[in-house]
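See structure below.
Below, all heavy atoms of this structure are taken into account, side chains as well, without hydrogens, waters or symmetry copies.
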Amino acid sequence: MLVRGLLWAAQRRLIYFPDPVAPVLPRVTLPSAREVAFRTEDGLRLAAWFVPAEGAEDAADVPTVLVAPGNAGNRAVRASLAAALSARGLAVLLVDYRGYGGNPGSPSETGLYRDIRAAHRYLTADMKVPRTRLIYYGESLGAAVVTRLAVTDPPAGLLLRSPFTELADVGRAHYPFLPVRALLKDRYPVAEQVASIRTPTVVVYGTADSIVPPEQSREVARRAAGPVRVVAVPGADHNDLVLLDGPELVAAVAELAQNAC
């Protein structure tokens with residue numbers, strides 16, 4: 001009972017690993033990027049980076065990728081991904097959730113959904129990016145975040161990198177001796193929600209993923225209601241660089257944008 005009580009009280013420290021430091025915009029990697037900010041429905045002001053597509057002046061003229069990161073680090077970690085996508089003719093919004101990258105607040109399932117909705121409003125209302133030009137990119141935990149966003153605000157295309165079926169399923173894979181489902185406050189039911197999404201979807205995963213079992217990513221793909229493409233990266237683990245900005249991943253995003261936008 002004591003162990004269960006401690007896990008209940010401290011579980012979000014075991015789920016979210018934010019780097020709270022506000023990163024410096026890397027001008028060498030992202031020379032055309034600019035710092036932007038938007039406000040959530042519960043009043044938090046969140047910082048982000050907008051990276052234009054190379055050679056494009058208006059974000060509404062090119063596909064734009066809304067990047068929902070995983071559960072660790074901050075937007076500086078994803079700078080190389082944004083640079084690679086920009087070079088392929090895509091604009092990118094690199095988001096940091098509450099508690100990450102100098103942003104106020106503490107992460108939770110409800111909070112992260114509010115954060116990604118605020119980012120979506122910034123792109124569609126402030127920057128006038130049409131839905132038909134919008135690609136959602138979710139990395140691991142971020143895949144759960146953009147999947148829920150896609151239920152209410154469908155994009156042109158959805159890319160899920162290393163998605164899990166539900167957070168409790170990941171927990172059970174690592175802690176089979178604990179009643180994980182009963183203990184968790186945050187659910188992130190990806191497989192349940194993707195079953196109602198008819199948006200063209202791409203699932204990218206590593207075949208040697210030691211964090212999210214590969215069979216969970218395959219199950220998410222199987223559950224998707226719309227057209228699905230699966231990209232398996234042989235031998236890749238969850239945090240390998242090939243799943244951050246590797247050629248298979250970047251090509252998958254670019255091809256999705258080309259076909260869907």
Query - Step-by-step side-chain contact (heavy atoms from CB on, under 4.5 Å) determination, F50 to M127 - result: CA-CA 11 Å; F50 181 77; M127 298 200 67; 3.6 Å; yes
Give the minimum heavy-atom separation between [X] and [Y], together with the two atoms involved.
X: S86; Y: V51; value: CB-CG1, 4.0 Å
X: P227; Y: R198; value: CD-O, 3.7 Å
X: A48; Y: V95; value: CB-CA, 4.2 Å

So, do [X] and [Y] sit near enough that their side-chain heavy atoms are less than 4.5 Å apart?
X: V253; Y: Y137; value: yes
X: V190; Y: F164; value: yes
X: T199; Y: P155; value: yes
X: D245; Y: L85; value: no

Can [X] and [Y] be counted as an ion pair, charged N to O under 4.0 angstrom?
X: R98; Y: D42; answer: yes
X: E54; Y: R88; answer: no
X: E109; Y: R187; answer: no

Looking only at side-chain N and O atoms, does [Y] offer a donor or acceptor that is under 3.5 Å from a partner on [X]?
X: Y188; Y: D169; value: no
X: T165; Y: Q216; value: yes
X: D237; Y: S210; value: yes

Report task. Kindly assign one of parallel, tilted or perpendicular to the pair H120 and Y136, based on the angle between their ring planes and the thresholds 30° and 60°. Result -> perpendicular
Query raised in the report: Checking Y97 side chain against P69 main chain: does a donor-acceptor pair fall under 3.5 Å?
Result: yes
Report task. Look only at the side chain of D240 and the backbone of L243, and say whether a donor-acceptor pair between them is shorter than 3.5 Å. Result -> no
Requested in this report: Step through the shown structure and confirm whether more than 12 heavy atoms of other residues, nucleotides or ligands are within 6.0 Å of CD on E215.
Outcome: yes
